[in-house]
Number of protein chains: 2
Amino acid sequence: MKNATIDLPSLPRQRLGDQIADVLRQQILLGQLPPGKNIPERETAAALGVSRTPLREGLLTLEAEGLVEMSPSKSPVVANPTFVEVSHLLLVQSALEELAGECACDEATEDEIDKIEDMHKMMLANVQEPDQIKFFQIDMAFHEAIVASTKNPSLIKTHKQYHSRLWRVRFLSARRRAARDKAMIDHGRIVEGLRHRDKEQVSSEMREHLRRAIDNIRIVFAEEEASAAVNG
Amino acid sequence: MKNATIDLPSLPRQRLGDQIADVLRQQILLGQLPPGKNIPERETAAALGVSRTPLREGLLTLEAEGLVEMSPSKSPVVANPTFVEVSHLLLVQSALEELAGECACDEATEDEIDKIEDMHKMMLANVQEPDQIKFFQIDMAFHEAIVASTKNPSLIKTHKQYHSRLWRVRFLSARRRAARDKAMIDHGRIVEGLRHRDKEQVSSEMREHLRRAIDNIRIVFAEEEASAAVNG
DNA sequence: GATATATATTTGGTATACCAACTAAAGGTC
DNA sequence: GACCTTTAGTTGGTATACCAAATATATATC
């Protein structure tokens, strides 16, 4: 053989549609594509330098994830869930994280628990930081790390999808100082439970942690509504 | 206005890709497209009388659901999960049904509980029927009805997807008489709990009902493996 | 001037055409 | 005769072209 298995580092192949879905998903999460925003196919495809076919495949992926809504003869639009919808999502996510907590007690390595605890400590150090974006990112990574430690690909994937749909509203919620304080208490108990491999404690704490978040999010929705009423 | 809002009954518009996904999903569940089967795009599109574009969109939907696997330069193929993968799926499904049981106690109407109990009675009448397909279909409808009674669209949708991926293996499992007997006991407790709106009983029974199924499914996989070793 | 109709434009939905990567078979060389 | 090379054919991936429905606009009529 001459040069077989060289595997030149050119990253040639992931489907374009998947890459596009990744790009658009990021833009939605970061708020560059805000809820309600239209995503006309031709225009967006041109902006990304691709044709409509793979763009469409990416949009369909995001529709399946619930981040984009498509209806006949109308431009695809970034999803803008109501409070009721968000509370439904949070219930499912709470069940997924409850399971994750239970499985993590069996499957997480000591090293993974170390990493999770590090994140918790880092959050504690940033809890009263005015720059809330850092705090929030670690918060999300904290939850992702616990789910990842279960090594259950289906759980990880489904959780990630709900994570995306809840991203924005949880970001808005995390700006509330009271919410952050409560979160730190919950997280502390979760880390403690993981250390002792206490399934009951970890799973119930993770479930209740998310369910309690519903109250903060209700307030966020009420504030947004009031703000919208003022601004028109 | 002359004839507006007439809405002629021609069922013109659901996206072709969605219809195709529905057709292929049915064929996969019914075993007409068995696990491992190739689904070449051109050939399948021609057989369905459509072009590759909407067929592809349907296939991508099924890929997102985990029923089909697509890899570059290879024909899409019907997923053929291993026992480990199925056990992972079942864990997630058990968490979803646990949540469904809890929510159903709050949200189910008396009428819905009547329907669920009717299904249970019908299963009891068919438990020793040699024609297992009827028993199995009611079994699946029983679980679906409980989830539907929660009125949580996200939960319903996600549950349905896991339902599809687990359909075949649960069908194989339901052929075992011992599994059917156990299922009837569990179902009886679930119906009883629903009647009393006992969240704790219903949710824990639904969780354990599915987790116990893992044992039967392990046997099914072992049998299939042994059979495969003999036949080829 | 208001309304209604016709037309032009924009949208998403679908079909077709083209391309690159992979596979396999055929042919040539040692 | 075995092995390497080349070429033809198949596959999925992408781009383009076409179509129908919906909408907005302009024009004609009352």
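A note on names: the letters A, B, ... follow the listed sequences, proteins ahead of strands, and every chain is numbered from 1. No hydrogens, no waters, no symmetry mates; every other heavy atom, side chains included, goes into these values. The structure displayed is predicted, hence computed values, not measured ones.
Every pair passing side chain to side chain donor-acceptor pair (under 3.5 Å) that includes a residue from residues 164-175 of chain A is listed here, sequence neighbours excluded: R168(A)-E224(A). For residues 26-37 of chain B, no residue pair satisfies the side chain to side chain donor-acceptor pair (under 3.5 Å) rule, not counting sequence neighbours.
Note: CD (E41(B)) to P (dT14(D)) measures 11 Å, nearest angstrom. Straight-line distance from the CZ atom of R52(B) to the P atom of dA17(C): 12 Å, rounded to whole Å. To the nearest angstrom, P of dG12(D) lies 16 Å from CG of D18(A). What separates CD of Q14(B) from C1' of dA20(D) is a distance of 18 Å, to the nearest Å. Nucleotide dT14(D) holds its P atom 12 Å from the CG atom of L55(A), rounded to whole Å. As a whole-Å value, the separation of L60(B) CG from dG12(D) C1' is 11 Å. Computed from coordinates, the L48(B) CG to dA15(C) P distance equals 11 Å when rounded to whole Å. Distance CG (L16(A)) to C1' (dA20(C)): 13 Å, rounded to an integer number of Å.
For a distance-only test at 3.5 Å, the side chain of R15(B) fails to qualify as a donor-acceptor partner of the base of dG12(C).
For S73(A), taking side-chain heavy atoms from C-beta onward, the closest of the listed nucleotides dT14(C), dG12(C), dA22(D) is dA22(D).
Sequence order on DNA chain D of the closest nucleotides to K74(A) and E57(A) puts E57(A) first from the 5' end. In terms of position along DNA chain D, the nucleotide closest to G17(A) lies nearer the 5' end than the nucleotide closest to the other residue of the pair R42(A) and G17(A).
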Review point. Yes or no on side chain to side chain contact (heavy atoms under 4.5 Å, CB included) for Q132(B) and R180(B), after CA distance, side-chain angles and deciding distance?
Key: CA-CA 10 Å; Q132(B) 298 126 343; R180(B) 273 180 287 164; 4.0 Å; yes
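Base engagement by T53(A) is indicated by at least one non-hydrogen atom pair under 4.0 Å involving a base atom.
Partner of E97(B) under the side-chain hydrogen bond (donor to acceptor under 3.5 Å, both in side chains) criterion, out of R207(B), H209(B), H163(B), H159(B): H159(B) alone.
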